[in-house]
Amino acid sequence: MSPKVIAIDGPAASGKSSTAAAVATRLAWAHLDSGALYRAVTLAALDNVGDARGRGGGGGGGTASERQPPRGVQERRERGEQGGQGGQGEHGDQGQSGERHPWGPQQIVAIAESLPVRLVLVGAAFRPEVAGVDVGEAIRSERVTRRVSEIAALREVRHWVNVQQREAVLRHAGGVVVDGRDIGTVVFPDAPLKVFLTASPEERARRRLAQRGQAIDPTELKREAAALAARDQADSTRAVAPLRAAADAVRLDTTVLSLAEQVNRVVALARERHLG
Ligand code: DC
């Protein structure tokens with residue numbers, strides 16, 4: 001039986017998550033942002049896995065009970081906060097996190113499993129948690145964004161993330177709109193509707209700056225478009241589950257579409273297929 005899933009894939013800043021969330025609301029389905037899980041694993045690794053010189057982190061080689069929640073998480077816990085910004089970890093790690101760590105995939109999966117990194121259904125959205133703390137804000141930090149493609153290229157990590165996604169969907173009684181890079185090709189290849197969103201690099205850069213509330217000047221646009229192109233390149237050329245459209249995906253170029261228009265198109269496709 002095919003899962004009750006709408007798969008929305010596409011490159012960075014193509015509007016996948018906003019579209020997926022709005023489509024889920026319209027259909028009264030849940031929303032799962034798979035990129036958020038890769039980001040949560042990256043945050044956990046940044047805060048818990050030491051680098052080549054044995055600095056940083058909580059020492060990933062220890063037992064589950066010895067491992068510490070991510071520093072930002074620990075600090076927020078101590079302050080009695082839930083979620084919040086990247087916290088001290090955001091600044092306290094600079095200098096270490098700018099360097100490349102030889103992260104071992106098994107070590108990262110063990111950390112994710114033991115902290116644990118989890119998807120938790122809150123209302124109609126699966127939220128990423130690390131050690132029981134919502135990290136929905138912290139995973140959007142520049143520090144995580146810089147390293148997430150590296151983590152997402154690891155086969156073992158992808159396998160672990162895919163298991164989490166499939167279990168979350170299985171546990172959920174209703175339908176789920178899942179967005180990412182390989183949802184239609186690898187995670188839910190039998191999804192009854194697959195959409196591949198695209199937009200021009202300039203438009204995606206403009207959306208990303210607007211999302212962050214940054215000025216949309218030509219220099220910033222150029223810099224952001226280059227950063228997005230680098231991530232597209234990393235995501236499309238990796239050996240495991242590269243970003244590509246499934247053969248049976250509906251391609252939707254959103255360059256000149258508003259969010260409402262792209263949501264309407266996906267909802268119409270869902271209704272045509274008697275979903276929702
Ligand atoms: O969508 P995003 O920018 O939050 O995704 C973060 C990273 O995770 C990005 O580098 C691509 C990767 N990713 C992936 O490889 N597969 C997915 N299904 C979702 C995200």
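Note that these values count all heavy atoms, side chains included, but never hydrogens, waters or copies made by symmetry. Atoms within each ligand, like the ligands themselves, are counted from 1 in listed order.
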Below 4.0 angstrom, N of the basic side chain to O of the carboxylate: do Asp134 and Arg127 qualify? yes
Using modelled atom types only, decide if a donor and an acceptor are shared between the side chain of Thr19 and the backbone of Val263 within a distance under 3.5 Å. no
Looking at side-chain heavy atoms only, is the closest gap between Trp160 and Glu113 below 4.5 Å? yes
With a 4.0 Å cut-off on N to O distance, would you call Asp232 and Arg204 a salt bridge? yes
Begin from the C-alpha positions of Arg158 and Asp182 and carry the test salt bridge (Lys or Arg N to Asp or Glu O under 4.0 Å) through to its verdict. CA-CA 10 Å; Arg158 298 201 72 82; Asp182 62 342; 2.9 Å; yes
Ile216: which residues meet the side chain to side chain contact (heavy atoms under 4.5 Å, CB included) condition with it, sequence neighbours left out? Arg206, Leu209, Ala210, Leu221
Any idea which residues sit under 4.0 Å from ligand 1, heavy-atom distances? Ser34, Gly35, Tyr38, Arg39, Arg140, Val148, Ser149, Ala152, Arg158, Gly180, Arg181, Asp182, Ile183, Arg231, Asp235, Arg238
